[in-house]
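Heads up: the structure comes next, in structure tokens.
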Amino acid sequence: MSTQKNPRTLFKGGTVITMDAAVPNLATGDVLVENDRIVAVGANIQADGADVIDATASIVMPGLIDAHHHMWLGVMRRLMPDVDDLFAYIGVVAETLGAHYRPHDMYVSTSLTAAASLDAGITTIIDACHSSRSPEHTDAALDALKGSGIRALHMVGAAMDKKASSAHLPGDLERLTRNWNAGDLVRVGLFGQFNLDWWKVARDLDMRILTEFIGDLAKLPAEVTENGLLGPHNIFNHCTRLPEDTWKRFADAGVSVTVNPRSDALFGFDDDRFAYQQAIDHGLTPALGIDLDTAFGSDLFGEMRALFGQQRSAMRYRRFRGETNVPGPISVEAVLQAATINGARAAGLEAAIGTLTSGKQADIIMVRTDDVAVFPLTNAIGTIVQAVERSDVDTVMVAGKIRKHAGKLVDIDLVSLASEAVASRDHLLETSGYRASLFGAAAK
């Protein structure tokens, strides 16, 4: 169990990346935390009585923000690593397995994804739950998030399978808002797609609204611009192959955009217009999400590297094709912005997290640079984006509480979690009749 009792913690002598243009980065510096807040960032901070974390040979920086993740898929890890058909994917994870989810399975999956995310330096997640089968399922997911200690925005949405009822929505949103949106680490929003009646309920409750948006499959309804339905409270994910008029409406409304480089490539959603770049070109600030564990792992390092490579490949192809005024190649700093401050903005938390700034919440990670694959440290931001792994994440702090230290998760029983995850997966496979293959393609 955690023995953290001192309200003051000093990260001492690390390389500090602030992600705040007004707060200089430091080759060697300190970050002082008191209770749940950052109170100072600078060199040689004096903090008598504080617990000192030696940050020598480490980078101290804001926690990473995963701006789109279906956390309820946790026990289906790598179930469909080669899938390239969205509807085949939905047929398995929703119609076949998801239809048998109990609240307990929701709790275990969400707990597993939260633990893996914290381990990888992710301190905040926008949890895109398109499996809110009942109020009990939602409560189980929220309890799991609260118990994990991660910061989260849980987006409540109708389950995708035909067997599920959504009769409790949007009516349950009022109860959830009352119980969860009073300023704690875990809050709720609406995963509403284009159900505008639900949007109106969410707006009355001051909720953020999430919509999955692939241009081949849907169009932005004209009426969303009426009655203040479209604005900064909206989060649109994927945003691939959207027409220019839609991007202009997004820009005018100041919506948030999230992209998932690995899953967008997995399903073939994107093209060389590249949704991230389209958002940038229209003055928006796209954030990064992992999307799903059915093919990938819960880490943003893979997403950052995919974004860097895909943007450069797409823009280079456009130049070779003879286009003029093609955007320049992405920088590692822009990639890290997508994984920190842009994610904070998407979650509606830009004033609270995403940078190392005095007064903000103490969501901080310390990443070691003394591994053989990392040293010597020459470019700190390039090292985070291109070199380190979850094993290099030494310390994770959320709202001033240490959730990982010395490379080990704190207050999480991994033995019990592993046992529960295996039991949950086996229950779903048995009750659904789905056959998973350990070495090859799965067969129903």
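Since this is a predicted model, take the numbers as computed values, not measurements. These numbers come from the heavy atoms of this one structure, side chains and all, not from hydrogens, waters or symmetry mates. Throughout, numbering of the chain's residues begins at 1 and tracks the sequence.
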Under 3.5 Å, side-chain donor or acceptor atoms of residues 183-192 against the rest of the protein: list the pairs with distances, not counting sequence neighbours.
unit_1	atom_1	unit_2	atom_2	d
Arg187	NH2	Ala347	O	2.8

Contact summary for Ala141 and His154, nearest pair of heavy atoms: CB-CE1, 3.6 Å
Side-chain heavy atoms of Leu356 within contact of Ile38, under 4.5 Å: yes
Phe274: ring-ring contact (aromatic ring centres under 6.0 Å, His included) partners, not counting sequence neighbours: none
List the steps, then state whether side-chain hydrogen bond (donor to acceptor under 3.5 Å, both in side chains) holds for Ser109 with Tyr101. CA-CA 10 Å; Ser109 281; Tyr101 256 63; 3.3 Å; yes
Please check if the side chain of Thr110 supplies one atom and the backbone of Met106 the other of a donor-acceptor pair under 3.5 Å. yes
Backbone N or O of Asp127 within a donor-acceptor pair of the His69 side chain at under 3.5 Å? no
Ile384 versus Met61: any side-chain heavy-atom pair under 4.5 Å? yes
Tell me whether Gln311 contacts the main-chain N or O of Gly328 through its side chain, where contact means a donor paired with an acceptor under 3.5 Å. yes
Side-chain heavy-atom pair Leu417, Leu112 within 4.5 angstrom cut-off: yes
Students often mix this up, so state it plainly: with edges at 30° and 60°, are the rings of Tyr107 and His104 parallel, tilted or perpendicular? parallel
Asn260 vs Asn237, side-chain hydrogen bond (donor to acceptor under 3.5 Å, both in side chains): CA-CA, chis, key distance, verdict: CA-CA 8 Å; Asn260 322 121; Asn237 185 54; 3.0 Å; yes
Using only atom types and a distance under 3.5 Å, with no angle test, would you say the side chain of Gln193 pairs donor to acceptor with the backbone of Glu212? yes
Charged N to carboxylate O under 4.0 angstrom, Asp172 versus Arg175? yes
Let me see the working for Lys401 and Asp36 under salt bridge (charged side-chain N to carboxylate O under 4.0 Å, His left out), right down to the final yes or no. CA-CA 7 Å; Lys401 293 183 186 259; Asp36 63 345; over 6 Å; no
Under a 3.5 Å distance rule, please check whether Arg78 uses its side chain to pair with a backbone N or O of Phe296 as donor and acceptor. yes
Between Ala275 and Val259 the two heavy atoms that sit nearest each other are CB-CG1, 4.1 Å
Scanning both residues in full, the closest heavy-atom pair of Val332 with Val385 reads O-CG2, 3.6 Å
Working for ring-ring contact (aromatic ring centres under 6.0 Å, His included), residues Phe269 and His238: CA-CA 8 Å; Phe269 290 156; His238 296 300; 5.0 Å; yes
Backbone of Ile402 reached by a side-chain donor or acceptor of Gln4 within 3.5 Å: yes
Residue that, paired with Val39, satisfies side chain to side chain contact (heavy atoms under 4.5 Å, CB included) out of Leu32, Val33, Ile45: Leu32
Sub-3.5 Å donor-acceptor pair from the side chain of Thr383 to the main-chain atoms of Asn379, do we have one? yes
Which residues pass the salt bridge (charged side-chain N to carboxylate O under 4.0 Å, His left out) test with Asp271, not counting sequence neighbours? Arg241, Arg273
Applying side chain to side chain contact (heavy atoms under 4.5 Å, CB included) to Asp370 and not counting sequence neighbours gives Ala57, Arg368
If we ignore hydrogens and angles and just use 3.5 Å, is the side chain of Ser331 paired with the main-chain N or O of Ala334 as donor and acceptor? yes
Could you work out, with salt bridge (charged side-chain N to carboxylate O under 4.0 Å, His left out) as the rule, every residue matching Asp20, not counting sequence neighbours? none
With sequence neighbours excluded, what pairs up with Arg345 under the salt bridge (charged side-chain N to carboxylate O under 4.0 Å, His left out) test? Glu350
Within the distance-only criterion (no hydrogens, no angle test), does the side chain of Ser132 pair as donor or acceptor with the backbone N or O of Gly157 below 3.5 angstrom? yes
For residues 378-397, pull every pair meeting salt bridge (charged side-chain N to carboxylate O under 4.0 Å, His left out), keeping only residues two or more places apart or in separate chains. Asp119-Arg390, Arg305-Glu389
Please list, chain by chain and in numerical order, all residues satisfying side-chain hydrogen bond (donor to acceptor under 3.5 Å, both in side chains) with Thr378, sequence neighbours excluded. none
Tell me if a side-chain donor or acceptor on Thr258 pairs with a main-chain N or O of Gly289 at a distance below 3.5 Å. no
How about Lys404 and Val410: do any of their side-chain heavy atoms sit closer than 4.5 Å? no
Do Ile330 and Leu307 have side chains that get closer than 4.5 Å, going by heavy atoms? yes
Note, Asp363 side chain near Arg151 side chain (heavy atom, < 4.5 Å): yes
Under the rule for side-chain hydrogen bond (donor to acceptor under 3.5 Å, both in side chains), what residues qualify as partners of Asp51, not counting sequence neighbours? Asn6
Go through Met19 and Ile17 one step at a time and tell me if the side-chain contact (heavy atoms from CB on, under 4.5 Å) criterion holds. CA-CA 6 Å; Met19 300 308 295; Ile17 300 173; 3.7 Å; yes
Residue pair Ile65, Leu349: steps toward the side-chain contact (heavy atoms from CB on, under 4.5 Å) verdict: CA-CA 11 Å; Ile65 299 173; Leu349 296 171; over 6 Å; no
Between Asp30 and Lys12, does any side-chain N to carboxylate O distance fall below 4.0 Å? yes
Per the side chain to side chain contact (heavy atoms under 4.5 Å, CB included) rule, which among Leu288, Leu210, Leu292, Ile126 passes with His68? Leu210
Among residues at least two apart in sequence or on other chains, which ones pass salt bridge (charged side-chain N to carboxylate O under 4.0 Å, His left out) with Arg249? none
Result for side chain to side chain contact (heavy atoms under 4.5 Å, CB included) between Pro170 and one of Leu205, Asp204, Val201 points to Val201
Under-4.0 Å salt bridge between Asp291 and Arg262: no
Check against side-chain contact (heavy atoms from CB on, under 4.5 Å), Val396 and Met366: CA-CA 7 Å; Val396 176; Met366 188 177 89; over 6 Å; no
Answer yes or no: is there a side-chain heavy-atom contact under 4.5 Å between Pro327 and Asp281? yes
List the residues meeting side-chain hydrogen bond (donor to acceptor under 3.5 Å, both in side chains) with Gln337, not counting sequence neighbours, and say none if there are none. none
Do Phe213 and Val257 have side chains that approach each other closer than 4.5 Å (heavy atoms only, starting at C-beta)? no
Among residues two or more places apart or on two chains, list those pairs meeting salt bridge (charged side-chain N to carboxylate O under 4.0 Å, His left out) that have a residue in residues 37-48. none
Validation row, ring centre His137 to ring centre Trp72 under 6.0 Å: no
Compare every heavy atom of Ser256 with every heavy atom of Ala346, then report the nearest pair and how far apart it is. CA-OG, 3.4 Å
